[in-house]
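Taking it in order: structure first as structure tokens, then the write-up.
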Amino acid sequence: MSDLQVPLRPKKKKVLVDYLVQFRWIVVIFVVLPVSCFIYFKLFVGDVMSAMKSEKRRQKEHDENVKKVVNRLKQRDPKKDGLVCTARKPYIAVGMRNVDYKRARHFEVDLSAFRNIVEIDKERMVAKVEPLVNMGQITRYTVPMNLALAVVAELDDLTVGGLINGYGIEGSSHLYGLFSDTVVAMEVVLADGRVVRCTKDNEYTDLFYGIPWSQGTLGLLVSAEIKLIPIKEYMKLTYTPYRGNLKELAQAYADSFAPRDGDPSKVPDFVETMIYTPTEAVHMTGRYASKEEAKKKGNVINSVGWWFKTWFYQHAQTALKKGEFVEYIPTREYYHRHTRCLYWEGKLILPFADQWWFRWFLGWLMPPKVSLLKATQGEAIRNYYHDNHVIQDLLVPLYKVGDALEFCHREMEVYPIWLCPHRLFKLPVKTMVYPEPGFEHHHRQGDTSYAQMFTDIGVYYAPGPVLRGEEFNGAEAVRNLEEWLIQNHGFQPQYAVSELTEKNFWRMFDGSHYEHCRRKYGAVGTFMNVYYKSKKGKKSEKEVQEAESEILEPADAEEC
């Protein structure tokens with residue numbers, strides 16, 4: 001439903017969990033929001049205190065913390081202790097999948113101290129940061145310098161470590177690729193306690209290309225050096241409405257950032273599209289603009305970051321009524337435009353949170369921390385959402401976006417849909433995600449000789465059948481989605497709830513380079529396999545040990 005006025009409340013005979021979901025807003029308002037606000041403030045104070053320290057002191061503290069990690073790993077007895085994992089609680093991860101692998105016996109390593117920006121090197125245009133630094137923290141630090149990461153994921157709470165080991169995208173990814181593509185170097189603690197710095201062209205180049213999408217199963221990331229770009233104070237954003245069928249909406253989306261004549265001057269700095277109904281979409285293209293330009297007479301400045309402002313997706317939707325318009329948004333506020341309402345998921349959690357009275361009086365408490373939402377929902381509510389709710393991203397080649405949209409409409413009928421393009425680079429090695437073989441010979445729209453243009457299709461909300469009170473099999477819909485992705489050279493980010501079997505997981509992703517790194521750097525028997533870590537459901541100690549022993553036995557045979 002385009003207006004999202006109906007919350008997740010199927011019209012069937014209700015059981016207890018239906019009421020728990022329906023009245024969950026009580027817990028969110030009186031528990032989650034106040035505690036979230038306190039945590040945000042505490043983290044903000046810590047970030048400010050860290051920023052006040054000299055870079056030399058921050059580097060010294062970083063080195064000391066790395067030594068603690070090394071010493072902790074050396075305490076592990078492989079024969080007695082379980083597999084290595086971080087001490088972070090399972091619900092902390094910003095994602096919908098069950099991170100139940102920690103229920104198996106494991107050996108914890110505490111990385112909670114690694115949340116500092118170590119250095120901003122303006123000469124090299126690189127930011128050296130620790131893995132728990134989040135997007136809100138780093139933009140608060142760099143934007144006043146007129147600098148930013150080349151790719152800044154929209155939600156404040158997303159961390160550098162998660163975006164590198166997993167998946168990260170933003171409106172500038174059509175230029176720079178995924179978040180991991182903007183990394184210059186990584187500092188990693190290996191299974192044997194060695195600390196290595198891997199880059200594209202040093203002796204650890206295979207590890208450098210192996211870590212993205214590995215979910216922390218090759219080593220412990222303790223810092224990363226990430227590309228910085230110069231920016232301006234404002235984003236000049238153009239909202240363009242479009243009407244047509246899904247194939248036509250997909251073509252208009254491609255035309256908004258990948259001009260058919262190849263003119264680079266027509267390529268915007270930022271791009272995203274929101275499809276509100278099967279026939280209506282709004283394309284947004286942005287270019288950096290100076291303060292002087294933004295404040296010229298007649299220009300409209302919209303500070304979307306204020307707590308009382310209309311939620312961004314609703315504001316953009318007004319273009320369908322009033323036609324194309326242009327406004328200037330402060331750059332940092334633009335980066336985090338979807339944070340306050342969690343795209344449009346906030347509507348399910350608090351059905352009235354988008355109303356003017358809530359925004360004015362309690363909007364300053366938004367957003368709730370995703371980790372607290374997960375911690376307070378319980379297993380019954382979590383499973384309920386898995387069955388009646390979709391949070392999936394489809395990574396598909398640009399030329400197949402129209403087909404993907406039609407598939408999603410048939411299987412799930414979820415709106416709005418978020419579209420964001422990204423380059424998938426042709427790398428020296430075949431990593432877990434990779435372009436279609438021979439893509440460079442087809443010269444399709446958006447492609448170059450060195451990268452194929454892909455698109456993230458974000459499907460977040462309750463499916464149409466659920467909202468109408470009809471039967472909906474969430475697990476079957478996800479399985480169908482995953483098979484479609486496999487058949488069409490698409491990928492599913494591992495944060496999502498997956499129904500993939502191990503066989504299908506490795507049909508979707510290429511495991512050759514990943515397994516090479518696992519064996520070479522001693523990860524087998526120390527860190528859990530990426531499929532098993534991402535697998536839905538509970539993992540017992542026996543299951544984990546059996547899965548790892550199957551990998552270890554062939555490795556031992558090769559050594560003999």
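Quick caveat, the model's predicted, so the values are computed rather than measured.
Applying the side-chain contact (heavy atoms from CB on, under 4.5 Å) test to Val126 and every residue at least two apart in sequence or in another chain returns Arg124, Val184, Glu225. Residues meeting the salt bridge (Lys or Arg N to Asp or Glu O under 4.0 Å) test with Lys430, sequence neighbours left out: Asp510. The salt bridge (Lys or Arg N to Asp or Glu O under 4.0 Å) test applied to Arg115 returns Asp47, not counting sequence neighbours. Remark: Lys122 engages no residue in a salt bridge (Lys or Arg N to Asp or Glu O under 4.0 Å) (not counting sequence neighbours). With sequence neighbours excluded, the residues that form a side-chain contact (heavy atoms from CB on, under 4.5 Å) with Lys369 are Ser36, Ile39, Tyr40, Leu43, Asp157, Ser371, Leu372. Applying the salt bridge (Lys or Arg N to Asp or Glu O under 4.0 Å) rule to Asp63 yields no partners; only residues at least two apart in sequence or on another chain are considered.
No hydrogens or angles considered: a donor-acceptor pair under 3.5 Å links the side chains of Gln445 and Asp255. In this structure, a donor-acceptor pair under 3.5 Å is present between the side chains of His389 and Glu345. Between the side chains of Glu272 and Tyr253, not a single donor N or O lies within less than 3.5 Å of an accepting N or O. For the residue pair Glu154/Thr339, the side-chain donor-acceptor check at 3.5 Å is not satisfied. The closest side-chain donor-acceptor pair between Ser223 and Glu187 falls under 3.5 angstrom. The closest side-chain donor-acceptor pair between Glu483 and Gln487 falls under 3.5 angstrom. Between the side chains of Asn480 and Glu411, at least one donor N or O sits under 3.5 Å from an acceptor N or O. Counted by atom type alone, Gln59 and Lys128 present one or more donor-acceptor pairs between their side chains at under 3.5 Å. A donor-acceptor pair shorter than 3.5 Å cannot be found between the side chains of Tyr399 and Asp447. A donor-acceptor contact under 3.5 angstrom links the side chains of Tyr514 and Thr217, judged on distance only.
The residue from Leu485, Leu405, Thr455, Asn488 that alone fulfils the side-chain contact (heavy atoms from CB on, under 4.5 Å) condition with Leu394 is Leu485.
In this structure, His513 has its ring center no closer than 6.0 Å to that of Tyr209. Checked against the 6.0 Å centroid criterion, the rings of Tyr204 and Phe208 do not qualify as a close aromatic pair. Checked against the 6.0 Å centroid threshold, Trp344 and Tyr461 do not count as a close aromatic pair.
With values rounded to the nearest 0.5 angstrom, Asp181 atom CG is found 13.0 Å from Tyr176 atom OH. Atom CG of Asp269 is separated from atom OH of Tyr334 by 9.5 Å, given to the nearest 0.5 angstrom.
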Salt bridge (Lys or Arg N to Asp or Glu O under 4.0 Å) assessment of Lys266 paired with Asp261:
CA-CA 9 Å; Lys266 297 179 182 178; Asp261 61 6; 2.6 Å; yes

Could you go step by step and tell me if Tyr460 and Ile417 meet the side-chain contact (heavy atoms from CB on, under 4.5 Å) rule?
CA-CA 7 Å; Tyr460 324 125; Ile417 289 177; over 6 Å; no

Residues Lys400, Glu436; criterion salt bridge (Lys or Arg N to Asp or Glu O under 4.0 Å); working and verdict:
CA-CA 12 Å; Lys400 293 186 176 181; Glu436 290 179 299; 3.7 Å; yes

Would you please test Phe107 and Val109 for side-chain contact (heavy atoms from CB on, under 4.5 Å) and show each step?
CA-CA 7 Å; Phe107 184 83; Val109 178; 4.3 Å; yes

Glu130 vs His62, test: side-chain hydrogen bond (donor to acceptor under 3.5 Å, both in side chains). Steps then yes/no.
CA-CA 8 Å; Glu130 294 178 327; His62 171 77; 2.7 Å; yes

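In this structure, Leu149 and Ile138 have side chains that are in contact, with non-hydrogen atoms separated by less than 4.5 Å.
Classification of the His422-Tyr167 ring pair by plane angle, with boundaries at 30° and 60°, yields perpendicular.
Under the 4.0 Å criterion applied to side-chain N and carboxylate O atoms, Glu64 and Lys68 are not assigned as salt-bridge partners.
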